[in-house]
Structures are given as structure tokens and as C-alpha cells.
Number of protein chains: 2
Amino acid sequence: MSTRSSGLSGLTSARQVGRLAPVRRTSTVDLIADRLREAVVDGSLPPGAALGEAELAFQLGVSRGPLREAMQRLTAEGLLVIPRRRGLAVRTMTPEDVRDIHWLRARIEPELGRRILARPIAERKTVLAELGTEVKRMQRALKKDDARALGDAYLDFHRGLAAWGGSIRLARMMATLLIETRLCTFSMYEHFEVAVDLVPEHVAFVDALAAGDAERFETLMCAHLDAEVRRLLAEPVAAKVDDTDRLLAETPDEPQPLDRLDLPEGI
Amino acid sequence: MSTRSSGLSGLTSARQVGRLAPVRRTSTVDLIADRLREAVVDGSLPPGAALGEAELAFQLGVSRGPLREAMQRLTAEGLLVIPRRRGLAVRTMTPEDVRDIHWLRARIEPELGRRILARPIAERKTVLAELGTEVKRMQRALKKDDARALGDAYLDFHRGLAAWGGSIRLARMMATLLIETRLCTFSMYEHFEVAVDLVPEHVAFVDALAAGDAERFETLMCAHLDAEVRRLLAEPVAAKVDDTDRLLAETPDEPQPLDRLDLPEGI
DNA sequence: GAACGTAGGGTTGTCAACAACTGAACACAT
DNA sequence: ATGTGTTCAGTTGTTGACAACCCTACGTTC
């Protein structure tokens with residue numbers, strides 16, 4: 001009997017034997033979109049930088065068609081800006097964006113603790129283990145003074161939170177919001193910086209969850225997001241080359257007409 | 001002096017004279033995406049219907065390129081599903097989606113009252129006037145037993161709420177959530193139906209806002225969304241042709257592997 | 001009679017070429 | 001010197017065509 005084929009523990013060995021898992025074939029557009037998101041997250045496509053699509057397509061080894069389709073996706077997510085006939089640019093986040101993003105996160109993330117604690121005890125343990133791992137990653141990164149790694153672990157921690165929150169739509173939205181949070185860092189700071197407070201804050205999250213205290217989790221999360229905004233906005237924007245704003249300006253230099261609240265692109 | 005050129009009231013006459021408003025040129029992709037969204041909202045692209053892209057492109061009078069780009073946008077918004085090589089299909093909403101959507105709305109909309117009431121008094125009056133207009137539209141529609149018109153006014157009411165809530169991201173997200181709500185109706189009911197309770201519920205919203213009572217607004221909104229879910233799920237799904245599910249199924253008929261929460265497409 | 005293998009129609013995914021547009025540089029007139 | 005008009009290179013927006021692929025239906029074999 002190969003009913004317990006691999007040595008993996010309970011969770012992953014739930015896969016049936018004798019029935020092959022379907023081959024996961026993602027479309028080219030998916031792949032490109034993922035690649036672009038990665039590039040945005042790791043900073044190889046910095047905010048405001050205007051890349052030509054021919055160049056990008058060549059780098060990715062695809063033609064312009066699929067690339068353009070992927071670009072539209074990231075545009076819908078609000079990560080990219082496509083000014084008419086001027087190539088693409090990664091969105092530059094303004095202080096207003098920082099507040100906007102964190103306000104939205106504050107509507108959602110505090111509630112996630114409750115949702116996770118509402119899950120069956122077995123799953124709950126898994127979640128806690130996963131989140132604990134991310135916190136350890138953060139601690140290691142802090143010790144090595146590796147701001148990049150710290151940031152990545154931070155992303156994964158909150159991604160996990162959203163994924164286990166149980167809502168497809170929410171997870172998708174949070175994924176975007178987190179990338180945008182990263183973009184805020186890029187837009188506000190010159191370089192990655194290690195925020196020392198970050199780690200104890202996240203240790204406290206896991207503690208609260210382990211104690212089953214949704215209330216405390218909620219409070220902590222609100223405080224964390226609040227602190228995050230202050231950290232991001234404390235650093236003056238300095239003299240950054242803020243190309244996106246200029247590119248975004250469909251309205252040359254006229255103050256936005258007040259009678260129409262129009263979203264930058266589509267929707 | 002033509003400083004007050006038109007007879008319009010204070011709000012819109014804020015436009016400067018002697019300086020022309022810039023010509024608003026939206027890209028073709030934007031136009032197509034808008035058109036598609038419209039078609040989804042008004043039901044001319046019903047959930048599950050599988051249209052060929054050549055046919056669609058012909059109808060819209062564009063070539064397949066821009067159409068495909070627009071499709072990617074709607075896909076990112078979660079309104080469309082693009083199974084590999086099988087055309088496009090409007091997403092069919094399941095009962096789980098109904099709960100998901102309304103849970104998310106319940107995180108956001110109750111808070112909007114507070115945000116609107118926090119605005120300067122002048123704006124507040126404008127908002128109330130606008131929302132009042134929508135409610136009147138709803139009342140007229142109810143009197144004429146016009147479910148379609150009622151639904152449209154409902155959408156505009158909540159769109160307005162989100163727009164005046166003051167967050168770009170939130171307005172965008174809510175716009176999508178509202179279209180999805182409409183899709184829920186299409187997916188659950190055979191035809192539009194007039195929900196009689198809807199109108200008094202919305203009258204109460206405006207009343208609460210007029211009274212400056214954010215607390216009451218919050219309670220009312222939660223109750224409304226709750227009722228909405230019950231209304232939608234009360235109707236048994238009946239024997240609907242549910243094509244999307246079959247198309248969506250990347251995994252032929254194996255129960256979702258538990259170790260990976262994977263979103264249907266991209267992100 | 002059921003399952004397998006095979007051909008056909010039609011659709012999508014990708015590509016490369018063309019046309020339209022933009023921004024910058026330069027010359028010229030006021 | 002400032003501003004206007006023109007030219008030009010480079011880029012994007014759009015299109016049509018080709019190849020790859022999926023689904024269906026039919027014929028064949030056991």
C-alpha cells in the first residue's frame with residue numbers, strides 16, 4: 001500500500017493516491033503578470049521609471065502582445081500607470097496613498113484574527129505555525145540587518161494572514177494592498193530601512209492569536225498600522241524624481257475639477 | 001465679466017474661465033472595458049455565457065488586440081473568467097461568493113457614514129442631496145414595478161456612498177463589488193425581482209445621515225447587508241445552466257487540494 | 001456495444017508589420 | 001529673447017495573419 005507515500009506530515013499527505021493531480025498550466029499572460037509583480041516588489045522596476053514595452057518584452061522573451069495584456073492587469077490592480085503613448089510606469093505613491101492604503105488595511109486586517117480563531121483547532125495550529133515561521137524569518141533578518149529580507153518576511157506574514165482569513169476576494173485585495181505598501185516604502189524612502197519596532201509588533205500578533213484573544217489582536221493590528229503610517233510619513237519625501245505624477249497628469253496643470261471625482265484609470 | 005458664465009449653482013461654477021478644460025481622451029482599452037462592464041451590469045452578457053472574442057470584437061467594432069487587453073482588466077477585477085482557449089465567460093456567482101462579497105461590503109460600507117459625516121458641512125449637504133435623489137429614483141422604480149431601474153438606482157446609491165467616502169482605492173473596489181453584487185442577482189434569480197424592503201432601508205440610511213447619526217447608519221447598513229444575503233440565498237438556485245463552474249475547473253473533478261489556497265486566475 | 005484512435009472545424013495565442021502619435025530639436029519670425 | 005512653426009526619430013496603438021490547440025464527431029477495433 002502506498003497510502004502514505006511520502007514522509008510528509010498530516011496536512012500535505014491528504015492528497016489522494018492513484019489519482020494524479022492535474023497539470024497546472026498557467027497562461028503566458030499569468031506568467032508575465034507574476035513576473036512584473038515580482039519585479040515591482042523587489043524593486044527592479046522602481047516607481048516612476050518609464051520603461052519601453054519593446055525593451056521589456058525583449059527582456060522577458062515574449063512579444064509585445066501578451067506583455068500589453070499583462071500590463072492591463074497590473075493597471076487594473078493599480079500598480080502600473082499607462083499614460084497614453086508614453087510607455088508604462090510603476091505607480092509612485094504619495095503620502096495620500098499611504099494614508100489611503102493603511103486606512104483600507106485597517107478596515108480589514110484587525111478583523112482577520114477573529115476569522116482565523118473561528119477556524120477548527122487543527123487548522124488554527126497550522127496557521128500559527130506558519131505565522132510563527134515568518135516571525136522567525138523577520139527576527140533573523142533583523143539580526144543580520146537585512147532590510148530586504150525583513151520586508152519580504154513582513155509581506156509573507158500578512159499575506160498568510162489574509163490567505164487564512166478565508167475570503168478569496170479579500171486575499172486577492174490584500175495581496176495588491178501589500179504590494180502597494182511596498183511601493184510606499186520605495187516611494188517614501190531612498191533605501192530600504194530596518195524598522196526595529198516591526199519585529200516585536202509581530203511577535204505580539206502571534207502571541208495574541210495563540211492566546212485566542214481576538215480583541216487584543218484587533219487592538220495590536222490597529223496600532224501597528226497606525227505606527228506604519230507614521231513611520232512612512234516621518235521621512236520627508238526629499239527631492240525624489242517623481243515621474244509618475246507628471247505622467248499621470250492627464251490634466252496638464254489645471255487643479256482637478258471638483259465636480260467630478262474621477263479615478264485615474266478605468267473602472 | 002463672464003466669471004459666472006452659466007446659471008449653475010455654486011458647486012459646478014467653480015470652473016475657471018479663460019482656461020479651457022483639457023480634452024479628455026480615454027484610451028480604446030478603457031472604452032472597451034467600460035462597455036464590457038456595462039454589458040455585464042445590464043445583463044447583455046449573462047453569467048456563464050461563452051462568447052467568442054472574434055464575434056465580440058466585431059460587435060464592438062474593434063480588433064481582437066484591444067479587446068483582449070480589456071478582457072484582462074475585467075479578469076483582474078474578477079468579473080470575467082478566461083479559461084484557456086475557450087473564449088471568455090462572465091463569472092457565475094455561487095452562494096459562497098454571495099457571502100464573501102457581502103462580508104467584505106460589511107467591513108467597508110458601515111464605516112462610510114462616519115467618513116461622510118466627517119466632511120465639511122457644505123459637502124455633506126451635497127452628498128445628502130445626491131443620495132436623496134437616488135432614493136427617490138428607487139421609490140419611482142418601485143411604484144412602476146421596474147426592477148431593473150430599482151437595481152440601477154441601488155447601484156448608484158452605493159456607488160455614491162463609496163465615492164464620497166473619500167478613498168480612491170475604496171471607491172474602485174466598491175465599484176467592482178457592486179457589479180459583483182449585481183452578478184449575484186443574475187446568478188441566483190432567473191429574473192430581476194423587486195425587493196420591497198429595499199426602499200425603506202435606504203430611506204433610513206439617508207435619515208440617519210441627515211441626523212448625523214453615524215452609529216445608527218452603521219447598524220442599519222449591517223442589517224441591510226445581512227438581509228441582502230438572506231434575500232439572495234433564499235431563492236434556490238434552481239436548475240440554472242452553470243457553465244462557468246465547468247469552465248473554471250482547472251482541476252477536473254478532484255476536490256481542491258487543501259495545501260494550497262490558489263486563486264482562480266493570476267494575482 | 002464500449003472504448004480507443006483519428007481527422008476536421010473552429011477558436012485562441014502569438015507574432016510582426018504598419019500607421020498614428022508624441023516629444024524634442026532646430027530654424028525662423030516677431 | 002521669446003515664442004511659433006516645422007521636421008524627425010522613436011514609441012505606441014492597432015491590425016491581420018499564422019500556427020497551435022481544443023472540442024466534436026466519426027470510424028475502427030476488440
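Since we're looking at a predicted model, the values are computed, not measured. Residue numbering restarts at 1 for every chain, and letters A, B, ... go by the order of the sequence lines.
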Nearest-angstrom distance from the residue atom [atom1] of [X] to [atom2] of [N]:
{"X": "B:Ile82", "N": "C:dT11", "atom1": "CD1", "atom2": "P", "result": "17 Å"}
{"X": "A:Arg68", "N": "C:dC15", "atom1": "CZ", "atom2": "C1'", "result": "14 Å"}
{"X": "A:Gln72", "N": "D:dG13", "atom1": "CD", "atom2": "P", "result": "9 Å"}
{"X": "A:Leu67", "N": "C:dG13", "atom1": "CG", "atom2": "C1'", "result": "15 Å"}
{"X": "B:Met71", "N": "C:dG13", "atom1": "CE", "atom2": "C1'", "result": "11 Å"}
{"X": "A:Leu56", "N": "D:dT12", "atom1": "CG", "atom2": "P", "result": "10 Å"}

Distance-only donor-acceptor check, side chains B:Arg172 and B:Ser167, under 3.5 Å:
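There is no such pair (donor and acceptor under 3.5 Å, judged by atom type) between the side chains of B:Arg172 and B:Ser167.
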Under 3.5 Å, is there a donor-acceptor pair linking the side chains of B:Glu123 and B:Trp164?
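Side chains of B:Glu123 and B:Trp164: no pair found under 3.5 Å.
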With sequence neighbours excluded, what pairs up with A:Glu96 under the side chain to side chain donor-acceptor pair (under 3.5 Å) test?
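Once residues adjacent in sequence are excluded, A:Glu96 has no partner under the side chain to side chain donor-acceptor pair (under 3.5 Å) criterion.
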When you check the gap from the basic side-chain N to the acidic O, do B:Arg73 and B:Asp30 get nearer than 4.0 Å?
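Looking at B:Asp30 together with B:Arg73, the answer is yes, because their closest N to O distance falls below 4.0 Å.
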Between A:Arg169 and B:Asp97, does any NZ, NE, NH1 or NH2 come within less than 4.0 Å of an OD or OE carboxylate oxygen?
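Judged by the 4.0 Å cut-off on N to carboxylate O distance, B:Asp97 and A:Arg169 do form a salt bridge.
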Which is more 5' along DNA chain C, the nucleotide nearest B:Glu53 or the one nearest A:Val62? Just name the residue.
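Result of the comparison: B:Glu53.
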Where do N or O atoms of nucleotides 16-22 of chain C meet protein N or O atoms at under 3.5 Å, pair by pair?
residue	atom	partner	partner atom	Å
C:dT22	OP1	B:Arg25	NH1	3.2
C:dT22	OP1	B:Arg25	NH2	2.6

Option among A:Glu134, A:Arg182, A:Glu228 that satisfies the side chain to side chain donor-acceptor pair (under 3.5 Å) test with A:Tyr154:
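The residue from A:Glu134, A:Arg182, A:Glu228 that satisfies side chain to side chain donor-acceptor pair (under 3.5 Å) with A:Tyr154 turns out to be A:Glu228.
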